[in-house]
Number of protein chains: 4
Amino acid sequence: MSPRKVNKEQKRREIALACFDLIHEIGMKKITVSTVAQTAGIGKGTVYEYFENKDDIIFEIINMHIEHHHNKFLELIKDVKSTRQKVFHFLDFVMIDSEENMRHFNGYKEYLSIVLSDENKSMKQFNTNCHLFFEGKLKTIIEDGIKNKEISPNSIEFIDSIMAFEKGVALQKMTQENFNSYDICEKFINNLFNILELKK
Amino acid sequence: MSPRKVNKEQKRREIALACFDLIHEIGMKKITVSTVAQTAGIGKGTVYEYFENKDDIIFEIINMHIEHHHNKFLELIKDVKSTRQKVFHFLDFVMIDSEENMRHFNGYKEYLSIVLSDENKSMKQFNTNCHLFFEGKLKTIIEDGIKNKEISPNSIEFIDSIMAFEKGVALQKMTQENFNSYDICEKFINNLFNILELKK
Amino acid sequence: MSPRKVNKEQKRREIALACFDLIHEIGMKKITVSTVAQTAGIGKGTVYEYFENKDDIIFEIINMHIEHHHNKFLELIKDVKSTRQKVFHFLDFVMIDSEENMRHFNGYKEYLSIVLSDENKSMKQFNTNCHLFFEGKLKTIIEDGIKNKEISPNSIEFIDSIMAFEKGVALQKMTQENFNSYDICEKFINNLFNILELKK
Amino acid sequence: MSPRKVNKEQKRREIALACFDLIHEIGMKKITVSTVAQTAGIGKGTVYEYFENKDDIIFEIINMHIEHHHNKFLELIKDVKSTRQKVFHFLDFVMIDSEENMRHFNGYKEYLSIVLSDENKSMKQFNTNCHLFFEGKLKTIIEDGIKNKEISPNSIEFIDSIMAFEKGVALQKMTQENFNSYDICEKFINNLFNILELKK
DNA sequence: GATGAATGAGTTTTCATTCAT
DNA sequence: CATGAATGAAAACTCATTCAT
């Protein structure tokens with residue numbers, strides 16, 4: 001009960017949580033240790049009690065965003081039945097422009113710009129793990145579809161392409177003007193499933 | 001229109017040209033106005049005679065790289081006959097790990113990290129134009145293939161997806177460990193053309 | 001006088017003793033209050049129960065080292081007979097490069113750099129006392145030699161010079177490259193005793 | 001004439017010269033880049049135009065002091081005739097407590113505390129060179145004395161000891177209370193020359 | 001037009017000391 | 001008595017931009 005012994009890991013998360021929105025509000029590049037301290041309502045020195053250095057802070061905040069995004073996705077596909085529909089939801093992240101989604105999307109954008117500029121190995125490793133998480137989910141979706149005889153067995157061949165497609169759409173949405181991600185995704189899924197779906 | 005203006009533009013290009021390789025050599029992020037001045041053999045103040053600010057310089061250098069890349073690509077597909085082969089070459093940029101290609105690829109990576117971090121509107125505009133250039137080329141390739149009865153007329157529907165796929169592969173190659181872009185692209189093209197190619 | 005006070009003094013020594021080797025291991029300059037607390041297995045705040053401030057801690061640790069060095073020296077000359085030999089041992093500290101000796105020597109170096117940089121009066125006082133201790137020992141050695149008719153009575157005049165010489169050699173060993181302290185000390189003692197020793 | 005091209009080396013010296021007295025006034029350890037900039041009447045950034053880093057500044061200031069000291073010494077012994085007298089002047093630096101001399105002496109003290117605390121190799125090298133300079137001068141003095149039949153040929157054997165003695169006296173003057181350097185040096189020289197001087 | 005010297009705001013990081021529990 | 005979480009002053013260094021010559 002007493003504050004004598006603080007749970008370091010928990011405090012880390014508390015500080016990061018307090019700064020969760022900084023990424024949207026001022027951009028990852030402009031986050032300074034001072035800002036973090038102020039936002040979390042603590043002293044600059046205190047930040048260094050819980051984080052190795054500035055990158056460590058940024059990393060924890062990003063971590064939190066990704067985790068949040070994972071959970072959102074799992075929630076989303078929980079009750080969906082058709083494979084086509086599940087894949088639609090898989091692409092929600094890049095298709096849907098709801099305010100909340102856009103906040104996450106912009107967080108991801110900032111995140112990418114860090115990963116791209118840093119030659120930070122652990123960032124790449126972390127990013128690979130995120131990729132594998134979603135790839136695993138997609139694989140499950142596709143395999144379930146095959147089992148249910150919804151889609152043809154060779155659908156499994158298209159997983160890599162879907163993953164790449166999704167990332168490409170994200171990138172274009174981030175870097176191009178007037179890019180209509182919804183239409184492009186819709187067309188892609190329809191073309192794809194017209195090929196993959198088994199006629200009954 | 002005035003000869004003044006033309007000279008300015010020419011000098012801009014001269015300076016940028018002198019700095020063409022800086023992006024590979026020291027990385028876009030580490031380019032300073034001092035470096036540019038030194039590399040171009042002019043004074044730091046002179047740089048500001050021809051460029052608004054640092055971003056303006058970076059922009060011009062990038063411009064030059066993209067242009068160079070455009071020309072390379074046009075050269076590449078000049079004598080290629082089959083549509084499948086042309087699309088293969090279209091993906092050369094992300095598939096082939098030759099030293100020269102990797103230099104360009106890493107330049108593109110640096111470039112992306114700038115576009116993503118900046119909220120620079122003109123960057124986005126510029127990037128859109130680049131996209132449209134390559135999209136145009138791809139469209140021509142596909143349309144020619146349709147005219148030649150190599151591929152089915154609905155192939156035109158897949159252009160957006162190919163564009164997105166290519167960008168997604170690029171992104172993954174930049175941000176993931178042990179990513180095998182070659183195999184993924186090969187499988188993608190083969191799967192695609194098995195569907196699109198007309199049997200004779 | 002009160003048992004309180006005695007316990008305080010004892011605890012001071014316990015803490016300092018626990019940190020005895022820190023000086024060799026990480027260097028005096030890099031000792032932080034945190035390190036001291038950790039090494040002594042107590043809380044940072046507790047350190048301040050027993051020490052006024054950081055300098056006070058450092059001082060206590062140094063104290064302990066000097067005391068240790070005193071004892072070593074007394075041990076060393078206990079059974080030595082000839083005066084020349086005793087003076088040789090007097091210079092052991094700056095002549096001999098055994099690992100243990102070098103550890104102490106480097107400790108002394110760190111110590112000096114503190115004394116020189118600080119305008120700390122008590123440090124100077126303390127250092128004077130150390131000097132007087134060794135000067136007393138040297139005086140006894142010389143006086144014994146005179147009594148034994150080993151060396152001439154005016155040898156007493158050379159005590160200050162020997163003391164200064166020893167410190168000068170130490171300083172040079174600390175601050176010069178390729179300084180051969182052994183040869184210089186040997187020559188010095190031989191020259192000196194050739195003058196001072198009585199022929200029989 | 002125009003400020004278009006500044007002589008970098010000269011400006012370095014100008015800045016260092018402006019800070020010449022900082023060492024006495026606030027102590028070497030407390031010199032900050034800000035202080036240097038303020039004292040020299042320039043901007044902080046400007047300091048870095050002429051110096052690699054903070055150590056580089058300190059080094060230049062020290063350099064200037066040593067150089068100054070060298071010149072003073074050469075001036076001092078120019079017209080002195082007897083060898084005994086020359087060696088007296090050789091020890092002036094540690095014997096005489098004139099205000100100007102004490103300023104230099106304190107500068108040397110600060111300098112030593114840097115050399116001792118840093119594991120900076122170039123500092124040691126530099127210090128060795130200073131030593132060699134004065135050793136050379138002393139050697140010349142002694143050799144001249146031998147040539148003139150003032151002192152015995154084996155006087156040459158005592159050079160190292162005189163050098164060490166001088167440094168030892170300096171160190172004691174820096175680190176001990178009520179240390180009477182004058183008397184000790186006087187006694188040393190007299191004892192020494194009573195032995196070395198040839199009787200006529 | 002060309003130059004490059006001067007600038008200072010802005011950033012990260014350390015650590016002795018305090019004080020509430 | 002003991003503790004350790006919180007603190008913030010202080011310091012080194014970078015670099016885009018300006019402006020006098």
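Sequence lines set the chain letters: A, B, ... in the order given, protein chains first and strands last, and positions in each chain run from 1. This is a predicted model, so every value here is computed, not measured.
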So, OP1 or OP2 of E:dA2: does either fall under 4.0 Å of a side-chain N or O from B:Y50?
yes
Considering just the side-chain nitrogens and oxygens of C:T32, establish if one lies under 4.0 Å of OP1 or OP2 belonging to E:dC15.
no
Looking only at heavy atoms, what is the nearest atom pair of C:E60 and C:R13, with distance?
OE2-CG, 3.9 Å
Does C:F20 form a ring-ring contact (aromatic ring centres under 6.0 Å, His included) with C:H68? I'd like the steps, not just the answer.
CA-CA 10 Å; C:F20 191 79; C:H68 190 248; 5.6 Å; yes
To the nearest angstrom, the CG-P distance between D:N53 and F:dA11 comes to 17 Å
Side chain of D:K54, heavy atoms from C-beta onward: which of F:dA12, F:dT17, E:dA6 has the nearest atom to it?
F:dA12
Nucleotide of E:dT3, F:dA16, E:dT7 approaching D:I42 most closely (side-chain heavy atoms):
E:dT7
Is it true that, when you exclude A:K30 itself, more than 12 heavy atoms of the residues, nucleotides or ligands shown sit nearer than 6.0 Å to its NZ?
no
If you assign B:G41 and D:V47 each to the DNA chain E nucleotide with the nearest heavy atom, which residue ends up on the more 5' nucleotide?
B:G41
Tell me: CD of C:E49 to C1' of E:dA20, nearest whole Å?
14 Å
Plane angle bin for D:Y111 and D:F126 - parallel if under 30°, tilted between 30 and 60°, otherwise perpendicular:
perpendicular
Between C:D55 and A:E52, the residue closer to the 5' end of DNA chain E by nearest nucleotide is A:E52
Would you kindly give the CD1-to-P distance between C:I31 and E:dC15, to the nearest whole Å?
12 Å
Per A:Y48 side chain, nearest of listed nucleotides F:dA16, E:dT7, E:dT14
E:dT14
Phosphate OP1/OP2 of E:dT7: any D:T46 side-chain N/O under 4.0 Å:
yes
With sugar-phosphate meaning primed atoms plus P, OP1 and OP2, does B:V33 contact a base, only sugar-phosphate, or nothing at under 4.0 Å between heavy atoms?
base
For D:K124, does its backbone N or O pair with a side-chain atom of D:T128 as donor and acceptor, under 3.5 Å?
yes
To the side chain of A:K44, which of E:dA5, F:dA6, F:dA9 is closest?
F:dA9
Length of the CD1-P vector between A:I57 and E:dT11, whole Å
13 Å
Atom CG of A:D56 and atom C1' of E:dT14 are separated, to the nearest Å, by 17 Å
Can you check whether D:Q38's main-chain N or O pairs, donor with acceptor, with D:K44's side chain at less than 3.5 Å?
no
Side chain C:K54, main chain C:I31, donor-acceptor under 3.5 Å:
yes
Spacing of C:I15 atom CD1 relative to F:dT3 atom C1', expressed in whole Å
13 Å
So D:F51, base contact, sugar-phosphate only, or nothing? Heavy-atom distance under 4.0 Å.
nothing
When Watson-Crick pairs (N1 to N3 and N6-O4 or O6-N4) and G-U wobble pairs (N1-O2 and O6-N3) count only below 3.5 Å on both distances, what is the dot-bracket string of DNA chain E, with | for other-strand pairs?
.||||||||||||||||||||
In terms of the angle between their ring planes, are A:H104 and A:H65 parallel, tilted or perpendicular, with boundaries placed at 30° and 60°?
perpendicular
Assert: residue with more 5' nearest nucleotide on DNA chain F, out of C:G43 and B:G45, is C:G43
Euclidean distance, atom NZ of residue D:K30 to atom P of F:dA9 [Å, nearest integer]:
19 Å
Any side-chain N or O of C:S34 less than 4.0 Å from the OP1 or OP2 oxygen of E:dC15?
no
Whole angstrom value for the distance that separates P of F:dG4 from CG of A:N7
15 Å
